[in-house]
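Only one structure is covered here, and it is reproduced in the block below.
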Amino acid sequence: METKLLELGTGKAAVIKRIEGGYSSQRRLTSLGIRVGQTIRKVGSGPFNGPVVVEVDRTKVAIGKGMAMKVLVEELPT
Amino acid sequence: MKILLMGNPNVGKSVLFSRLTGINVVASNYPGTTVTFRKGTLKFGSLSAQIIDVPGAYTLDPTNKAEEIAVEMVKEGDVVINVIDATHLERNLRLTLELLEQEIPMVVALNLWDEAKHKGVTIDVEKLEELLGVPVVPTVAVTGEGIKELVLRIPESRSQLYQGTEDERWSEIGNIVRQVQTLTHRHHTLRERIEDAAILPSTGIPVAIIAALVAFGAVIGIGMGLRQFILLPFFETLIFPPIRDAVTAVVPEGFIREILIGHFGVLIDGIGWPLALVLPYLLAFYLVLAILEDTGYLPRLACMLDTLFHKSGVHGGAVIPFLLGFGCTIGGILSTRMLETRRERIIVVALMCLAIPCAAQTGAIIALLAEKSIAALAFVYLIAFLFIFIVGMALNRMLPGTTPSFLMEIPPYRIPNATSVAKKVWMHLKSYLLDAVPLIIFGVFIAAMLYESGALYHIGLFLRPIVVDLLGLPAEASVSLILGIVRRELAVTALLGLDLTLVQLIVGAIVALFYIPCAAVLPVLMKEFGVRYAVVIAMATIVIAFIMGGMLNVAFTLFL
């Protein structure tokens, strides 16, 4: 089942299924390795609805709330 | 021959550049340190080439100003050294394939090789070389490992045409990574837990508060210590008395003697202000900043502040230009090139020019206030931060457009290297001594001329409605408004000898802070944003400085 990256539980791994939003934000995400088919792990999120931090390809990337809503993922069973 | 150093942000291009050319450049542990290109010469045996350090880019399809510069540079190069972060092969190869499409001869430097080994990443270099069709050399730029071999293989650089759509490119990258990379599985380390602690809300907020307090404390503590116990005694006992004696002996009483050693004496204040007053704080600030930059904490701080910054129309990433602005406004303005939109850059630069004091001005403000009252100092900074937040919110409403989302790589923590910290501090110090100190001396000279010739008296009369009636300062303080155009800190130091009350000190510091950033900032503003913007900033800073100062003066007289 697809959920928004924003709503994924902390510590959970997931596969990226779809990225909504315009060309420029897609491009910015891709350049950091956030693209369809990638497996990510959610490390947590910053205070007051802050950015979502994920681990992807052994790097940590902070993704602002607006973008994290547009990244749709499917949780992997642990 | 022109050799371009290209690669993703924060992979160590600038360190490699220093290695190859012997030129010291600023390198830090966050993406986007290099926002403009730098040139140097590599001489090795018979090989002599121009090396260009290009700003980091994730892609040749630019997403910000710094990447645009990188793309333009590609056309000019003869050879590209593509610097790759060996710990993140997959992501870095995207740019590599894009560069291959440019048909420019290329060598790959597989940098951070030591960190990759440490993290359990093994890469089959020969296989990678075969698949890419260009030479690949493992390097550790920080220690110099592999640099010689890299240089030796530059003549072997080849161009290798690759063409593909976005999806084909990624599947090609997937293929390559599968064939060359083996990962040793490892568990979550303690180090990683500490790294994450700075991002998660429960621990991140205390960490940020402690970091800020320690940083501010260290700047003020080190600066004051250097000034009170070393520099001030040194100049007051060893330098100034002989100067005074010599001038008194040689120069007859009168105009010239007063210019040299009188009020605003060029040989006294012209030396004391830049070297005994500003220098200690500048040194302390850049030391603390260099340590913060190299640890990798700043992107984490950006993450923590994102939600708050969004209210002012910029995302958390803007904290880095702001912090650099606390060093030098010009450096801060240039580093806004890492931001995605012109709208964000305009907001950050406007706030920086108004209410972020540069390190030199901070030093002057501390000297003016802290020796009388630490609370006054805290009050001035509180006003500045409140102002930044409120005006940021207003600009966010006024300017059309939306704020892009925060998106930033969070680098691993690295322990700052003492040599690299020392080098950075020295570079900043050198540019201060060479570029700023002569200007400060010139400013003091102007002040002395105006004072001794009596012109200041007339200027004081002319500015009386503003300086005396509105701001409640003595007429002599008008010299501060004239010197403030030259350099930010001169607006503050000019108030030092004036025997002001605490209220006057605070008002004076606030006016000096909001007043025009130094003369050198204006051409930079014109170049980056156009003449109109520069004029608007110059006007706005003057008007706002007077309004803020006037309001404070009225408030103090009414309530105290």
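- Proximity to chain B at a heavy-atom threshold of 4.5 Å picks out Ile63(A), Gly64(A), Gly66(A), Met67(A) from residues 63-73 of chain A, in numerical order.
- Annotation: side chain of Val52(A) is not in contact with side chain of Phe406(B) (no heavy-atom distance under 4.5 Å).
- Options Met408(B), Arg300(B), Arg94(B) differ in how many heavy-atom pairs under 4.5 Å they form with chain A, and the most are formed by Met408(B).
- Closest of all the heavy-atom pairs between Pro404(B) and Arg28(A) is CB-NH1, 3.7 Å.
- For Arg91(B), the parts lying near chain A are the backbone and the side chain together; criterion is any non-hydrogen pair under 4.5 Å.
- With a threshold of 4.5 angstrom between heavy atoms, Val53(A) approaches chain B through side-chain atoms but not through N, CA, C or O.
- Here the shortest heavy-atom pairing between Leu200(B) and Gly44(A) reads CD2-CA, 3.7 Å.
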Enumerate, atom names and distances included, each donor-acceptor pair closer than 3.5 Å involving a side-chain atom of residues 301-321 of chain B, sequence neighbours excluded.
unit_1    : atom_1 : unit_2    : atom_2 : d
Asp306(B) : OD1    : Gly316(B) : N      : 2.8
Thr307(B) : OG1    : Phe48(A)  : O      : 2.9
His315(B) : ND1    : Gly317(B) : N      : 2.9
His315(B) : NE2    : Glu340(B) : OE1    : 2.9
His315(B) : NE2    : Glu344(B) : OE2    : 3.4

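- Residues Ile410(B) and Val61(A) have side chains not in contact (no heavy-atom distance under 4.5 Å, counting atoms from C-beta outward).
- Heavy atoms closer than 4.5 Å to chain B are found in both the backbone and the side chain of Thr59(A).
- Interface summary for chain A: among Thr59(B), Asp61(B), Thr87(B), the most heavy-atom pairs under 4.5 angstrom belong to Asp61(B).
- A 6.0 Å sphere centred on CD1 of Ile415(B) holds no more than 12 heavy atoms belonging to other residues, nucleotides or ligands.
- Listed by chain and residue number, nothing satisfies the salt bridge (Lys or Arg N to Asp or Glu O under 4.0 Å) test with Arg342(B) (two or more places apart in sequence, or in another chain).
- At a heavy-atom cut-off of under 4.5 Å, chain B is reached by Leu29(A), Thr30(A), Ser31(A), Leu32(A), Gly33(A), Arg35(A), Gln38(A) from residues 29-38 of chain A, listed in order of number.
- Closest non-hydrogen pair, Pro47(A) versus Ile205(B), comes out as CB-CD1, 3.8 Å.
- Comparing Gly204(B), Pro62(B), Ala57(B) by heavy-atom pairs within less than 4.5 Å of chain A, the highest count is held by Pro62(B).
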